[in-house]
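Scroll down for the structure; my scribbles are underneath it.
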Amino acid sequence: MRFAMAERRYDPQEIEPRWQAVWADERTWEVANESAADGVAAPRAGFQGVGGFMQPGGLEQNSYVLEMLPYPSGEPHVGHLKNYAVGDTVAHFRRRRGERVLHPMGYDAFGLPAENNAIKTGIHPRDATQASIDSYRRQFRRWGISIDWSREFGTQEPSYYRWTQWIFLRLYERGLAYRKQAAVKWCPKDQTVLANEQVDTEGRCERCGSLVEIRQLEQWFFRITDYAERLLSDLDGIDWPEHVKTMQRNWIGRSEGAEVTFRCEELGIDYPVFTTRPDTLFGATFFVMAPEHPDVLRLAEGTEHERQVRDYVNHAITESGEERGDLDKPKTGVALGRTVVNPVNGERIPMYVADYVLMEYGTGAIMAVPAHDERDYAFARAFGLPIRRVIEGTDPDADEQGLPYSGEGTLVNSAPEFDGLDSRTALAEIVAWLDRGGKGHASVNYRLRDWLVSRQRYWGCPIPILYCERCGIVPVPEDELPVELPEIEDYTPKGRSPLAAAEDWVNTSCPTCEGPARRETDTMDTFVDSSWYFLRYCDANNDRAAWDQAALREWMPVDQYIGGVEHAILHLMYARFFCKALSDMELLEVQEPFSSLFTQGMITRDGAKMSSSRGNVVAPSSIVERFGADTARCYVLFIGPPDQDADWSDEGVEGVHRFLGRLWRLSAEVAELAGPPGEGSPAAADAQGPDLELLRKAHWAIDKVTGDLRRFAFNTAIAAVMELLNECRRLRDAAGTETLRFALASAASVLFPFAPHTCADAYELLTGTRVWEQPWPEADEALLERDVYELVCQVNGKLRDRVQVAAGTSAEELKQRCRVAPNVRAHVDGREIVKEIVVPGKLVNLVVR
RNA sequence: GCGGCGGUGGCGGAACGGUAGACGCGAGGCCCUCAAAAGGCCUUGUCCGCAAGGGCGUGUGGGUUCGACUCCCACCCGCCGCACCA
């Protein structure tokens with residue numbers, strides 16, 4: 001036994017802070033802007049910068065690796081740990097491959113939890129937020145994440161939100177920020193309005209779960225709908241998970257069709273409707289408006305239905321989204337006592353109000369074609385309205401009972417010039433006919449609504465707008481930015497922003513006419529703050545501008561973005577919109593912020609989401625204290641494929657910890673035994689026996705980890721290093737110390753992105769050098785191929801034997817070797833070989849009869 | 001209802017159409033120790049068999065193939081989106 005066992009203890013609590021101090025002192029992970037003469041710190045003199053050694057010509061590629069910024073509340077949870085473990089691994093891997101990597105950190109620090117906490121405790125949101133930020137920063141540093149801390153900021157800092165306001169004003173100038181009166185979604189618990197995206201399917205606030213109410217309010221919106229088409233089509237060009245793209249496509253909800261005008265002759269008003277099936281126009285037998293439609297009451301006024309309509313509308317608009325959205329409930333509605341004229345045939349059809357028509361979509365009114373639409377059909381049956389078939393399906397059997405039929409087919413009962421046409425042709429011709437007569441036109445409709453950004457809350461970015469009695473809406477002049485949040489006494493929301501109570505702050509004078517003016521008291525949706533933070537990182541310390549274009553050119557777009565799938569629509573769509581809008585203003589040169597997106601899966605415990613109410617929360621800090629940061633990081637990556645959900649296991653953590661301990665201890669022992677590094681590196685050419693075997697395994701592992709890192713298969717990458725270490729342990733007595741040194745150094749080198757402290761330490765013990773300054777190792781192709789391998793011998797596809805053969809053995813020879821293998825003979829004897837399949841390097845399959 | 005993802009040992013999970021179960025956990029046996037902790041060595045899909053070996057095995061049923069966890073068809077189950085979007 002050459003090695004004394006377990007003499008040295010693996011002590012991450014000593015190792016990890018030691019290396020963290022080196023990286024902090026030397027500012028190892030900072031990158032300077034090449035373009036910049038601004039505030040971004042340049043690396044310390046004398047330090048070459050990571051990657052510089054790889055491409056002496058200075059040809060390094062810049063790359064930008066970013067994890068979604070955290071909302072700081074309390075201390076980070078395991079979801080953060082996984083998020084930053086993935087990002088840091090990617091960042092390290094890219095650096096070692098010669099890229100200059102921008103890997104910054106910040107905090108999405110405005111938001112309701114801090115404000116609600118202030119209401120409860122009286123602690124200023126600013127102070128509570130600052131405490132959380134400090135705690136997050138402390139943890140991230142303790143995790144050893146390779147952050148460029150010189151670019152850190154929080155979105156609540158005036159030096160940041162000054163530029164959020166500046167962007168708001170740019171959007172306002174362009175007409176992309178506007179104010180309008182609308183039916184908006186109001187959360188009664190959070191006491192603020194919400195954007196459509198922030199209300200879930202059941203009509204609940206995505207933050208607190210309360211059922212939202214609808215209110216008529218005048219609010220600020222961003223005109224994201226102007227970008228619907230580009231937001232949709234540009235999805236094709238970005239490397240994002242398909243399911244995220246699908247979710248965005250569904251959310252944007254593009255549909256092609258036509259807008260057709262129906263005229264109410266009694267009142268002389270035109271009502272356009274959107275339809276995707278203008279080919280069914282002749283089948284329209286009634287007309288339906290949403291209860292929220294502004295004309296409904298006016299239409300019914302003076303008719304015998306007035307009272308009924310009024311009652312129905314009142315009921316419908318107070319009904320919750322959940323009740324109204326119930327698909328199983330029978331259709332309800334009330335006749336308006338008015339008619340509209342179908343433009344294609346001049347028919348007068350009755351008007352109804354019904355809650356199955358939504359004000360938010362299309363024009364808030366529809367033509368109803370009961371024969372060819374399920375919902376209209378249900379309504380027609382309930383109200384005894386005529387059903388007229390105008391499309392005959394292609395399937396002749398399904399016809400008579402087959403209503404409603406929503407497929408394509410041949411037109412019937414329409415007009416002589418259209419009857420007999422197939423629905424597609426008819427659709428085009430009918431639209432053309434409408435267009436000629438000024439009765440309609442082809443049209444594209446989107447489900448996407450404009451982004452409501454006003455919030456009636458305190459702890460957010462003030463909207464930089466004034467209301468002047470004389471001049472109306474006046475933007476705050478740029479040189480007066482930021483409009484800072486005033487100090488207030490009472491955060492309690494009262495249906496309007498708490499800022500409204502800050503009289504001294506609210507009352508100001510108009511910059512144009514110098515008359516009295518009042519400040520906008522709403523703050524911005526916090527998703528505004530996070531829609532551009534990745535731009536600010538590129539030039540984080542610029543106090544003259546939001547950014548310098550040259551800085552953006554250097555880093556944007558983000559090469560690899562990493563975060564949770566819960567932002568698939570919200571943040572990821574808003575950020576895309578900002579990019580497009582800013583680029584139209586020539587403030588930015590990219591159209592898409594995130595070239596490549598990775599969405600990590602959730603970590604659950606006992607199959608359930610971790611939450612303090614369930615009491616199943618695993619605090620990363622407790623894991624780090626017990627096992628060290630490297631164990632915590634490796635574990636969350638080893639647990640399974642990183643894009644899938646995974647269940648936490650305490651035993652699994654211990655397993656990873658044992659592995660890191662074995663790696664470190666064996667490295668320490670080999671380093672001690674082998675003496676100072678440098679001399680006698682193992683030459684592959686003359687290695688043989690166990691040395692060759694171990695060398696091969698090392699190169700195999702290098703190759704495997706490299707490939708796995710490229711495809712984000714972190715779990716199998718770690719498994720490969722485990723295999724290499726197991727091989728080192730198996731051969732520790734048989735192989736030479738230099739071979740062992742090489743094998744262990746290789747293990748430490750490729751595991752460094754996952755477990756940077758342990759690997760930096762082991763690597764230094766073994767080689768006397770800093771692993772992060774070494775280029776990523778390359779596997780020796782020659783050593784990846786075996787000179788002997790195990791040939792699998794199958795009979796009728798079943799494994800019957802294995803034989804050792806030399807690499808390069810001919811197919812004929814392989815067949816022969818297979819045929820004579822003892823257990824193969826037992827299965828072949830007395831039967832006829834009808835076919836022999838040879839897969840060189842793998843197997844031979846004998847087909848017998 | 002529509003769309004997406006998934007279903008493999010006791011558990012988490014591996015497997016370019018080519019040895020199913022890598023790696024880890026757990027479990028069992030053993031070593032070290034006065035003992036414990038830590039560490040080390042071995043076994044571990046399942047059934048039959050002393051063994052050699054054989055049968056069965058990747059949600060279900062079909063198909064393609066010399067060969068299917070992998071490809072095709074039809075289902076079942078679970079999770080996640082979306083859903084009266086005209």
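Computed from a prediction, not measured in an experiment: that's the story for all the values here. As a basis for the values below, the full set of heavy atoms in this structure was taken, side chains included, without hydrogen atoms, waters or symmetry mates. Residue numbering restarts at 1 for every chain, and letters A, B, ... go by the order of the sequence lines.
- Here the P atom of nucleotide B/G39 and the CZ atom of A/Arg729 are 11 Å apart, to the nearest Å.
- Among the atoms of the strands shown, none is found under 4.0 Å from any heavy atom of A/Glu242.
- Figure legend: A/Lys331 and A/Tyr356 shown as a cation-pi pair, the cationic atom lying under 6.0 angstrom from the six-membered ring centre and within 45 degrees of its axis.
- Here the CG atom belonging to A/Leu358 is positioned 5.5 Å from the CD atom belonging to A/Glu360, to the nearest 0.5 angstrom.
- Taking atom P in both B/G45 and B/A22, one finds a spacing of 8 Å when rounded to whole Å.
- Using a 4.0 Å cut-off on heavy atoms, the residues of residues 271-282 of chain A that approach RNA chain B are A/Phe274, A/Thr275, A/Thr276, listed by number.
- Atoms CD1 (A/Ile639) and P (B/A14) sit 12 Å apart, rounded to a whole Å.
- The same atom, C1', is picked in B/G6 and in B/U70; the two are 15 Å apart, to the nearest Å.
- Glycosidic conformation at B/G9 (O4'-C1'-N9-C4 for purines, O4'-C1'-N1-C2 for pyrimidines): syn, within 90° of 0.
- Heavy atoms of A/Asp376 sit nowhere under 4.0 angstrom from any nucleic acid atom.
- Between A/Tyr789 and A/Lys842, the shortest heavy-atom distance links the atoms CE1-N, 3.9 Å.
- For A/Arg447, a side-chain nitrogen or oxygen approaches OP1 or OP2 of B/A83 to under 4.0 Å.
- Regarding A/Gln248, its CD atom lies at a distance of 15 Å from the C1' atom of B/G3, rounded to whole Å.
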